[in-house]
Engineer: 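Right, I'll just put the structure down here and ask away after.
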Amino acid sequence: MKKWIAQLLMFSCLISVKHNLYAQPMDRATLHELLALDGRNNIMKEENFGIANGYITHRVHYNTLGKISGLFAPPYASSNFLLETRMFGEEIRSKHYRWLPYQVESEGEIQGVEVRANITLLSRSRRVLISYALRNTRAEAVKIPVQFAVAGGLDYIEKWEFQRPTTKTSLQVEVDGSSMTGSNKFGRILIQTDIPNMHWFALGARWDGKIELDAGKEAKFHLVIEMGADQPNHQQLAAILAQPEQAVNASREEYIDRVEELLTKLPRFRSDNKMLEQYYYRSLAVLLTNKWIVPEFALQPYYGSGGVIGGCLGNYLWEFGLPAQLFPLVDPQASKSHIKQFLQIDITRHYLFNPMDGKAGGVWYQVNQDKIIELIYYYVLHTGDVQILREQVDGKTVYDHVISNALFGDDLNTPAKLVDYGDEGENHLELRRGYPYRGIMPDVNGLRYLTYLRAYELTRLAGKPVKELPTRAESLKKLLKQELWSPEHQWFFFESKGKKDIRMTNFMYTLIGTGVFDRELEKGLLSHLNEKEFLGDFGIHSISKLDPAYDQIDIDHGGGGSYVAFPPIICQRLYNAGYREAADDLLKRHLWWGQRLPYWGDSKVANFMGYREDTPLQSDFSAISGAQTILFGLFGISMQADGKLTIDPVLPSLCSEMKLEGLKLRGKQIDIETNANGYTVKIDGKVQQTKKGQPLVVKIK
C-alpha cells in the first residue's frame with residue numbers, strides 16, 4: 001500500500017511540473033479545459049456515460065463514433081431513443097475520445113477514411129448537434145455510404161424520482177428529404193441533416209445517404225436533433241446546419257461562461273499537488289450537470305440529486321443535505337428555495353420532492369430531521385440571512401419548522417432518551433444481505449446531538465432561544481456512551497427489540513470531531529480504521545470487512561466501497577478533530593476519483609478503481625462534498641453563529657503549498673495561502689500573516 005501511495009504522489013509531482021495549469025489566472029481556454037477528461041483515463045462504462053447542459057441530456061457511446069441513446073429533456077423523455085452512425089455498413093470504432101460536460105469529441109478510421117465526430121449540446125436549448133469531419137487517405141476517390149439507424153418513442157413525464165423514466169409511447173415518423181419528424185400527442189423529435197438526397201427505409205428504420213470524397217480531400221456533414229412540444233421549426237434547424245461551427249462556438253462560449261460564473265462564487269484552488277486540484281474541481285462538475293433550467297419545474301433554477309441521462313432527477317434530502325456548508329456559497333437563492341420546498345413536504349414521511357410540482361415522494365429517511373436543520377443552519381451562517389427564520393412556509397415560520405424537526409421523536413417534558421426507530425430504521429442504510437440495522441441506532445442518535453445544538457443556535461439568532469436544547473444534547477451524549485458503547489469491541493451497539501448487536505458502519509466516522517464523542521470514544525473508533533477492517537487501497541469500505549453483513553456488491557452502504565460523500569466528509573471531520581495522519585491517508589486513497597471519472601455517482605469501490613454501476617444516480621449532487629472538504633477541512637474555515645470566522649489551515653502531507661483565491665463569505669472576499677512556514681490570509685485586501693497551528697479569528701457581521 002505504501003509503495004502504491006508513493007507512486008501516486010510521484011505521478012502527481014510529474015503532473016505538477018508538466019501541467020501547471022493553475023499557476024496563472026485562468027483564461028477562457030483554461031476554463032474550458034478545467035473539467036475535460038481524456039478518454040484514456042476514463043473508467044466509466046458507456047451505460048453511465050453522458051453529457052448534460054441544463055436543458056437536455058443523453059448517453060454517449062464513446063467506443064463508437066456518432067452513437068447516442070437515451071434522450072431526456074425534462075419533462076420530455078425518450079428512454080429508448082437511439083441514433084447510430086454507420087459508414088460502409090459498419091459502426092466506426094473510436095480510437096480516442098474526450099469528454100466535457102456539454103460535448104464529447106471522438107476520432108476513428110474506417111476503410112482508409114479518417115473520421116472525427118463531435119457531439120455537442122447546443123446552448124440554452126433542447127438540441128444536439130453531431131458534427132462529422134472526414135478525410136480520405138486513399139489514393140483514389142471514394143463513395144462513402146452513410147447510414148443512420150433511428151429509433152425511439154416520446155413521453156411527457158409528470159414524476160421524476162430515482163429511476164430514469166421509461167418511454168411507452170411510440171412516434172409517427174414522417175420524412176421529407178433530409179428532415180425527419182417523429183411525433184405523438186406529447187411532442188416530437190425532429191432530426192435534420194445537411195447530407196443531400198437522404199432515403200428513409202421505414203421498415204428497417206434506416207436513413208441512408210452517400211458522401212463522395214476525392215483522394216486526400218476532406219468533407220464535413222452534420223446532424224441536429226431537437227426534442228420538445230413546439231411545432232417543428234425546420235428553418236431554425238436549417239440555420240444551424242448552415243453555420244454549424246457558429247452553433248458549436250456559441251455553446252463553447254456559453255459553457256465557459258457557466259464555469260466562470262461558478263468560479264466567481266466559489267474560490268479557485270491551487271496546490272503543488274495537481275491530483276488534489278483535480279479532485280477539487282472534479283467534485284464541482286455536478287453543479288453543472290445537475291443544474292436544470294426547465295420552465296415546467298417548480299423551482300428556477302432546479303438542482304437534482306442526479307441528472308445525467310435522466311437518472312434520479314428528483315431531489316432527495318439525503319443528497320442535498322450532505323454538502324450543506326458549500327452550496328449556500330454557490331447559489332444562496334437556490335439554497336433557500338430548495339430548503340423551503342423541503343419544508344413544504346412532510347419530511348417525517350417522505351425523503352424527496354418531485355421537480356415538476358414540488359410534491360413529496362418516497363418513504364421517510366431517519367436522517368431527514370438532521371439534514372433539514374443542517375441546511376438551514378449553514379445557510380444562515382454562511383449568508384447571514386437570519387430573516388429566513390421568520391419567513392412562513394406551509395403555515396409555519398421556518399423557526400417553528402426548526403423546533404418541530406429538532407424535537408421529532410422527543411419530548412422536553414420527559415427525561416432524555418435514545419430514539420428507537422423500530423423496523424422502519426432499515427430505511428437508513430438499506431443493507432441487502434438480511435443482516436439488520438434498525439431500532440436504537442447509534443449514528444442517527446448521534447446526529448440528534450448536532451441537531452439540538454444547531455437548532456439552539458438558530459433559535460438564539462431568532463431572538464427566541466430554546467435553552468433546554470444544549471442540556472438535552474449533553475444528556476443524549478451521556479446516554480449514547482452509557483447505553484450503547486462497548487469497551488470490549490471499541491464500537492457502538494445498536495439495539496432492536498431488546499437485543500443488542502454491532503454493525504460496524506463507516507457512518508460513525510462522520511461524527512468524529514463534532515463533539516458527540518469524547519476522545520476515548522474517538523480513539524476507540526479510529527482503532528478500526530485500518531486495512532484489515534475499513535481501509536482499501538482505493539478508499540474506505542462502508543462496513544468493516546470483518547462484519548458479517550459485508551457485501552462486496554452493496555457498495556454504497558453495505559460493503560465494497562462507500563457512498564460518495566462519506567470519504568471526503570470523514571476526511572473533513574478527521575482534519576477538524578486533529579487526526580491529520582488518518583485524514584491524509586484516507587484522502588490519498590481516493591484522490592483517483594478526480595482523474596478517472598467524468599462526474600461522481602453515488603458510490604465508489606474501495607478495493608479497486610471502480611464505482612457502483614447498477615444505479616441511474618451517476619452524477620450525485622453530494623459529490624460536491626469533495627470541494628467542501630478542501631475548504632472547511634484542509635483550510636479549516638469555520639463560521640460561528642455569533643459572526644466569528646475561524647481560519648486554521650492544515651497542510652496535508654500530500655503537498656507543500658495550497659492557496660484559495662476568491663472565497664466569498666457573508667459579503668467578504670477571502671484569500672488564504674499556506675505552506676510549511678505558516679499561512680497568509682487576505683480579507684477584502686487586508687493581509688494578515690499567522691504561524692502554523694495558530695488559528696486566526698475575525699469578526700464578520
Side-chain angles (χ1 to χ4, degrees), residues 5-27 30-31 33-37 41 259 262-263 265-285 287 325-326 329 539 567-572 574-576 580-597 600 623-637 647-664 669-682 689-690 692-693 696:
I5 289 177
Q7 291 173 340
L8 183 68
L9 292 176
M10 183 179 295
F11 179 62
S12 73
C13 290
L14 290 173
I15 294 175
S16 174
V17 172
K18 294 182 179 180
H19 303 286
N20 194 5
L21 294 178
Y22 316 122
Q24 301 298 325
M26 296 185 195
D27 57 19
T30 302
L31 289 168
E33 296 303 304
L34 191 63
L35 296 176
L37 182 70
N41 295 328
V259 176
L262 182 61
L263 295 183
K265 297 176 177 179
L266 290 177
R268 305 185 186 200
F269 172 59
R270 286 170 31 191
S271 171
D272 57 332
N273 184 333
K274 296 307 156 187
M275 287 186 72
L276 194 58
E277 283 186 358
Q278 289 171 323
Y279 176 88
Y280 174 81
Y281 287 109
R282 184 67 60 192
S283 78
L284 299 177
L287 290 170
Q325 289 174 278
L326 185 73
L329 308 183
I569 286 176
I570 292 169
C571 288
Q572 180 179 341
L574 294 175
Y575 282 124
N576 292 156
R580 197 199 81 164
E581 185 176 344
D584 283 357
D585 182 54
L586 178 55
L587 186 55
K588 290 174 186 175
R589 292 171 190 265
H590 75 277
L591 273 186
W592 62 271
W593 294 5
Q595 290 189 313
R596 306 308 299 274
L597 294 159
W600 299 348
I624 61 176
S625 297
Q628 179 172 281
T629 292
I630 300 293
L631 300 186
F632 300 99
L634 287 176
F635 282 92
I637 297 165
I647 299 173
D648 189 14
V650 179
L651 189 65
S653 59
L654 288 71
C655 61
S656 59
E657 61 180 11
M658 302 186 303
K659 186 174 183 178
L660 279 185
E661 299 173 292
L663 171 66
K664 294 179 177 64
Q669 177 154 317
I670 303 165
D671 299 338
I672 307 169
E673 187 168 6
T674 181
N675 54 40
N677 299 320
Y679 64 98
T680 301
V681 177
K682 183 165 62 174
Q689 290 186 327
T690 309
K692 186 172 69 172
L696 174 68

Engineer: Measure the spacing between CZ of Arg282 and CG of Leu34 and express it to the nearest 0.5 Å.
Structural biologist: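 The distance works out to 8.0 Å.
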Engineer: Backbone N or O of Ser656 within a donor-acceptor pair of the Asp272 side chain at under 3.5 Å?
Structural biologist: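 Indeed, once roles are kept as given, a pair shorter than 3.5 Å links the two residues.
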Engineer: Report the residues that fulfil side-chain contact (heavy atoms from CB on, under 4.5 Å) with Thr690, sequence neighbours left out, ordered by chain and then residue number.
Structural biologist: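 side-chain contact (heavy atoms from CB on, under 4.5 Å) list for Thr690, sorted by chain: Tyr679, Gln694, Leu696.
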Engineer: Once the angle between the rings of Phe269 and Phe635 is folded into 0 to 90°, is it parallel (under 30°), tilted (30 to 60°) or perpendicular (over 60°)?
Structural biologist: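 Rings of Phe269 and Phe635: perpendicular, as their planes differ by over 60°.
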Engineer: If I take atom CG from residue Asn576 and atom CZ from residue Phe632, how far apart are they, to the nearest 0.5 angstrom?
Structural biologist: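 CZ of Phe632 is found 10.0 Å from CG of Asn576.
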Engineer: Provide the closest heavy-atom pair for Gly539 versus Leu586 in the form atom of the first, atom of the second, distance.
Structural biologist: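 Between these two residues, the closest heavy atoms are C-CD1, 4.2 Å.
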Engineer: Looking at Glu657 and Lys659, is there a salt bridge between them, counting it only when a charged N and a carboxylate O are closer than 4.0 Å?
Structural biologist: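 Answer for the salt bridge query: no.
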Engineer: Within the distance-only criterion (no hydrogens, no angle test), does the side chain of Ser625 pair as donor or acceptor with the backbone N or O of Pro568 below 3.5 angstrom?
Structural biologist: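 No; zero donor-acceptor contacts below 3.5 Å.
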Engineer: Roughly how far apart are Leu266 CG and Tyr281 OH, rounded to 0.5 Å?
Structural biologist: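 One finds 9.5 Å between CG of Leu266 and OH of Tyr281.
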Engineer: Using only atom types and a distance under 3.5 Å, with no angle test, would you say the side chain of Trp593 pairs donor to acceptor with the backbone of Trp600?
Structural biologist: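 Such a contact is absent between Trp593 side chain and Trp600 backbone.
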Engineer: Under 3.5 Å, side chain of Gln325 to main-chain N/O of Gln628, donor-acceptor pair present?
Structural biologist: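 Not at all, since once roles are kept as given, no pair shorter than 3.5 Å links the two residues.
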Engineer: I'd like to know whether CD of Glu581 has more than 12 heavy-atom contacts from other residues, nucleotides or ligands below 6.0 angstrom.
Structural biologist: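 It does not: Glu581 CD has 12 such atoms or fewer within range.
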Engineer: Nearest 0.5 Å, what's the CD-CD1 distance between Glu661 and Ile672?
Structural biologist: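 So the CD of Glu661 and the CD1 of Ile672 are separated by 11.5 Å.
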Engineer: Drop me the distance from Tyr280's OH to Leu634's CG, to the nearest 0.5 angstrom.
Structural biologist: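 Nearest 0.5 Å value for the OH-CG distance: 11.5 Å.
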Engineer: With rounding to the nearest 0.5 angstrom, report the OH to CG distance, Tyr575 to Asp584.
Structural biologist: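 Tyr575 OH to Asp584 CG: 3.5 Å, rounded to 0.5 Å.
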Engineer: Okay, side chain of Arg270, backbone of Met658: is any donor-acceptor separation there less than 3.5 Å?
Structural biologist: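 No: the side chain of Arg270 does not pair with the backbone of Met658.
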